[in-house]
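Comments concern the structure below.
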Amino acid sequence: MAKFLILVTSPHYDSDSAKSSYEFAKAAIEQNHEVLGIFFYQSGVSHANQFNAPLSDEPSASSLWQELATRYKVNLLVCATAASRRGIADKEEAKRMTFNGDNLSEHFTMSGLTEFSALSTQATRVVQF
């Protein structure tokens, strides 16, 4: 049984990478591998924006991740620095930046490269999308 850490750097609107990362994570869990977490970095933080508006015939990336987190108790970790640069904020950051509201989707947690580094030492495989 492998221990995976999944790194998502592709934006949510890149349908092939977004879909592939979600399907990989789900398949790994269903094959009884352990997924230590999904870490969203660089443009991948766009998956965590609750204001994403996919086309009517496309699934919502953040909704798919939320379903995965709820169903399988997977941690969805978002690089706080990359998110801040792309206008994504949780309640604390929105308050600190005096934004009118936050836009971090439910089940996503602000994190950092320190946590990514710690998880990568526990993982037997790190897979990037």
Side-chain angles (χ1 to χ4, degrees):
M1 182 171 96
K3 292 183 179 182
F4 288 102
L5 174 59
I6 298 172
L7 175 64
V8 179
T9 57
S10 300
H12 73 279
Y13 46 81
D14 179 358
S15 60
D16 289 340
S17 292
K19 184 178 177 184
S20 295
S21 60
Y22 168 77
E23 289 179 355
F24 180 87
K26 187 175 177 185
I29 294 167
E30 290 176 349
Q31 293 178 15
N32 296 319
H33 295 290
E34 185 176 356
V35 175
L36 300 173
I38 317 290
F39 192 86
F40 298 90
Y41 185 55
Q42 296 173 335
S43 295
V45 300
S46 67
H47 291 250
N49 187 342
Q50 71 173 329
F51 297 137
N52 287 337
L55 298 176
S56 61
D57 61 341
E58 294 178 355
S60 164
S62 60
S63 295
L64 290 173
W65 289 118
Q66 290 172 340
E67 180 265 333
L68 191 79
T70 302
R71 186 171 182 184
Y72 299 109
K73 310 295 183 215
V74 176
N75 291 322
L76 305 177
L77 306 167
V78 179
C79 175
T81 302
S84 179
R85 287 184 178 174
R86 290 162 176 85
I88 300 170
D90 62 4
K91 288 181 183 176
E92 289 181 25
E93 184 69 6
K95 184 177 179 181
R96 189 179 74 77
M97 297 296 288
T98 65
F99 293 159
N100 288 332
D102 61 284
N103 61 345
L104 184 69
S105 294
E106 186 178 1
H107 301 295
F108 287 84
T109 304
M110 289 295 189
S111 186
L113 292 176
T114 301
E115 187 159 359
F116 175 79
S117 179
L119 287 172
S120 69
T121 63
Q122 299 171 31
T124 55
R125 294 190 174 107
V126 178
V127 181
Q128 180 179 358
F129 291 89

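Everything numeric here is computed off the predicted structure, so don't read it as measured data.
Judged by distance alone, the side chain of Thr124 and the main-chain N or O of Lys3 form a donor-acceptor pair under 3.5 Å. Under the 3.5 Å distance criterion, the side-chain polar atoms of Asn49 are matched with a main-chain donor or acceptor of Phe51. With hydrogens and angles disregarded, no donor-acceptor distance shorter than 3.5 Å links the side chain of Arg85 to the backbone of Thr81. In this structure a side-chain-to-backbone donor-acceptor pair under 3.5 Å is missing from Asn52 to Ser62. At least one donor-acceptor pair under 3.5 Å links the side chain of Gln66 to the backbone N or O of Glu106. Side chain of Ser20 to backbone of Asp16: a donor-acceptor contact under 3.5 angstrom is found. Side-chain atoms of Ser21 come within 3.5 Å of backbone atoms of Ala18 as a donor-acceptor pair (strictly under, hydrogens ignored). Side-chain atoms of Thr9 never come within 3.5 Å of backbone atoms of Gly44 as a donor-acceptor pair (strictly under, hydrogens ignored). Side-chain N or O atoms of His47 include none that pairs as donor or acceptor with a backbone N or O of Val8 at under 3.5 Å. Side chain of Ser43 to main chain of Pro11: no donor-acceptor pair is present (N/O by atom type, distance under 3.5 Å, no hydrogens or angles).
Linking ILVMFWY side-chain heavy atoms closer than 4.5 Å, directly or via other members, places Ile88 and Met97 in two distinct hydrophobic clusters. Connection of Val127 to Val35 is established within a shared hydrophobic cluster, with ILVMFWY side chains joined at heavy-atom distances below 4.5 Å, either directly or through further cluster members. Linking ILVMFWY side-chain heavy atoms closer than 4.5 Å, directly or via other members, places Leu104 and Leu68 in a single hydrophobic cluster. Val74 and Leu5 fall into different hydrophobic clusters, where Ile, Leu, Val, Met, Phe, Trp and Tyr side chains are chained together by heavy-atom contacts under 4.5 Å. In this structure, Val126 is a member of the same hydrophobic cluster as Leu113, with clusters built from ILVMFWY side-chain heavy atoms closer than 4.5 Å.
Heavy atoms of other residues, nucleotides or ligands lying less than 6.0 angstrom from CD of Gln122 number more than 12. In the displayed structure, Asn100 atom CG is contacted under 6.0 Å by at most 12 heavy atoms of other residues, nucleotides or ligands. Counting heavy atoms of neighbouring residues, nucleotides and ligands inside a 6.0 Å radius, atom OH of Tyr41 does not exceed 12 of them.
Between atom NZ of residue Lys26 and atom CD of residue Glu30 there is a gap of 5.0 Å, rounded to the nearest 0.5 Å. Leu119 CG to Leu77 CG: the interatomic distance, rounded to the nearest 0.5 Å, is 6.5 Å. Taken from OG in Ser111 to CG in Leu76, the straight-line distance is 11.5 Å, to the nearest 0.5 Å. Here the straight-line distance linking atom CZ of Arg86 with atom CD of Gln42 works out to 7.0 Å at 0.5 Å rounding. The distance from the CD atom of Glu58 to the NE2 atom of His12 is 8.5 Å, given to the nearest 0.5 Å. Between the CG atom of Leu36 and the CD atom of Glu115 there is a distance of 11.0 Å, given to the nearest 0.5 Å.
Contact detail for Gly87 and Asn103: the closest heavy-atom pair is O-ND2, 3.0 Å. Scanning all heavy atoms of the two residues, the minimum distance from Ser120 to Ser117 falls at OG-O, 2.7 Å. The shortest heavy-atom contact between Ser60 and Pro54 is CA-CG, 3.7 Å. When all heavy atoms of Ala94 and Ala89 are compared, the pair lying nearest together is N-CB, 3.8 Å. When all heavy atoms of Ile38 and Ala25 are compared, the closest pair comes out as CD1-CB, 3.9 Å.
A donor-acceptor contact closer than 3.5 angstrom links the side chains of His107 and Thr70.
Partners of His33 under the side chain to side chain donor-acceptor pair (under 3.5 Å) rule, at least two apart in sequence or in another chain, do not exist in this structure.
Remark: Arg96 engages Glu93 in a salt bridge, criterion side-chain N to carboxylate O under 4.0 Å.
Under the ring pair (Phe, Tyr, Trp, His ring centres under 6.0 Å) criterion, the residue pairs touching residues 109-129 are Phe24-Phe129, Phe39-Phe116, with sequence neighbours excluded.
When each of Phe40, Phe108, Tyr72 is paired with Trp65, the ring pair (Phe, Tyr, Trp, His ring centres under 6.0 Å) condition holds for Phe40 and for no other.
At a threshold of 4.5 Å between non-hydrogen side-chain atoms, the residues Gln128 and Ile6 do not count as touching.
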